[in-house]
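Here is the structure we will look at, set down as structure tokens.
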Protein chains: 2
Amino acid sequence: MAVLTAAVRMFNARGYHATSLDDVAASLGVSKPTIYHYLGNKEQVLVECLTMGMDQLLDAADKARAGLGKGIDRLRAFLLSYAEVNMEEFGRCNILTANETLSPDARETIRLLKRRIHATLEDLVAEGVADGSIASCDARFAALTLASALNGPSRWHRPDGPQTPREIATILVDFLTAGLAPR
Amino acid sequence: MAVLTAAVRMFNARGYHATSLDDVAASLGVSKPTIYHYLGNKEQVLVECLTMGMDQLLDAADKARAGLGKGIDRLRAFLLSYAEVNMEEFGRCNILTANETLSPDARETIRLLKRRIHATLEDLVAEGVADGSIASCDARFAALTLASALNGPSRWHRPDGPQTPREIATILVDFLTAGLAPR
DNA sequence: ATCAATACCTACTGAAGAGTAAGTATTATT
DNA sequence: AATAATACTTACTCTTCAGTAGGTATTGAT
């Protein structure tokens, strides 16, 4: 829905709290009650945006789980998609929105979705360790670190920069695969 | 000052926008005008908190630059401090506070401080690459990735968890040093 | 004793913005 | 043609704060 794409852009650019629904409505050339006609309240607008982003991630997670190849290959495929989604508007919104922004109910809903993504990450790492394609490590911390690292571009990436999201994602994933130490 | 430690705790726990200065004052058992007696406005309270955190980071950066050893050793020392600071209240505040929270002026002030930290990170990586202690890589992206990864604990670390901040920092830095690929 | 600075207070003002009441215009249905 | 659902509107209300006006109490300096 157009309301969501207008809202997510403003939320990402100015922050949720600094964006009034009057602003969002004005950017669409309509009035605020029009938004209330479609969505119950401001938080629901945000939750809908967050859910759009999470759905893209969930799709990528399903594909990665169903994919072929060694653990490292499937993990890398997922990491690339993960980083790319987080450079799109809806994905970014999930990274830029702090937890305490949401009411306890909405927070829990989103938390459950995030947990599924994190579980996928952890499982893929564990599989890679099991099949020898990934160095032995604590899968939980590894997943947390990978996710944090790939959340970065949501904050500093510029759509008009020299690299495409895909290129940025590849550089980061290569770096995380290789580590700092020389071989 | 007591105002700052009370404020930073509430900002971190509930978010800047969800924290009123009446709340902060009440948690200290004083009235809001008392806060205005010491600090000019709400944003200045935040900026002061952010600056406290950045100062800790700047100290660590100076120590790392002045340190001995190969690039990788000095980088690792800095990364450990960086991660640790970001698990303390004032450090966390820098991670949890979105840019658009600040006015353009304050944003610029903080941005300059952050740039110094990032430059240190980048320089240490470049030195390590030059002396062969770090694998050849794009220093800019490496620094960005390392920082993002080490910002993670600010969001998920619990002070009452099983690991100390130092332990968490060590696990993450080891992981980033080694990378995913087996050797 | 007087003056002034410090550290607070109660009680306001003013603005922003979420959400609503109560309507109108347009299109689809019977 | 009459009804009803859809897609909007203007013009509010109500709450929550940031920030202020204008005080008092306490302490230290002269």
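For the numbers below, each heavy atom of this structure counts, side chains included, while hydrogens, waters and symmetry mates do not. Throughout, protein chains are lettered first and strands after them, A, B, ... in sequence-line order, and every chain is numbered starting at 1.
Here the P atom of nucleotide C/dG19 and the CD atom of A/Q44 are 10 Å apart, to the nearest Å. Between the OH atom of B/Y36 and the C1' atom of C/dA7 there is a distance of 17 Å, rounded to whole Å. Distance, A/H17 NE2 to D/dA18 C1': 16 Å, rounded to whole Å. The distance between atom CD1 of A/I35 and atom P of D/dA7, rounded to the nearest whole Å, is 15 Å. In this structure, A/D23 atom CG and C/dA15 atom C1' are separated by 15 Å, rounded to whole Å. As rounded to whole Å, 14 Å separates atom C1' of C/dA7 from atom CG of B/L28. Atom-to-atom, CG of A/D22 to C1' of D/dT9 comes out at 13 Å; the value is rounded to the nearest Å. Atom-to-atom, CD of B/E43 to P of D/dC17 comes out at 18 Å; the value is rounded to the nearest Å.
At D/dT9, one or more side-chain N or O atoms of A/T34 fall inside 4.0 Å of OP1 or OP2 (strictly under the cut-off). For B/S31 and C/dC8, the shortest distance from a side-chain N or O to OP1 or OP2 is not below 4.0 Å. The phosphate of C/dT6 has neither OP1 nor OP2 within less than 4.0 Å of any side-chain N or O from B/Y38. Side-chain nitrogen and oxygen atoms of B/H37 include at least one within less than 4.0 Å of the OP1 or OP2 phosphate oxygen of C/dA7.
For A/N41 and A/Y36, the side-chain atoms include no donor-acceptor pair closer than 3.5 Å. Using modelled atom types and a 3.5 Å distance limit, the side chains of B/T5 and B/E89 yield no donor-acceptor pair. Inspection of the B/S20 and B/D23 side chains reveals an N or O donor paired with an N or O acceptor under 3.5 Å. Side-chain contact annotation: A/D131 with A/S133, donor-acceptor N/O pair under 3.5 Å present.
The number of heavy atoms from other shown groups lying within 6.0 Å of CZ (B/R65) is above 12.
Counting only heavy atoms from C-beta on, B/P33 has its side chain closest to C/dC9 among C/dT20, C/dC9, D/dA18.
Taking 3.5 Å as the limit, the base of C/dG19 and the side chain of A/K42 contain no donor-acceptor pair of atoms between them.
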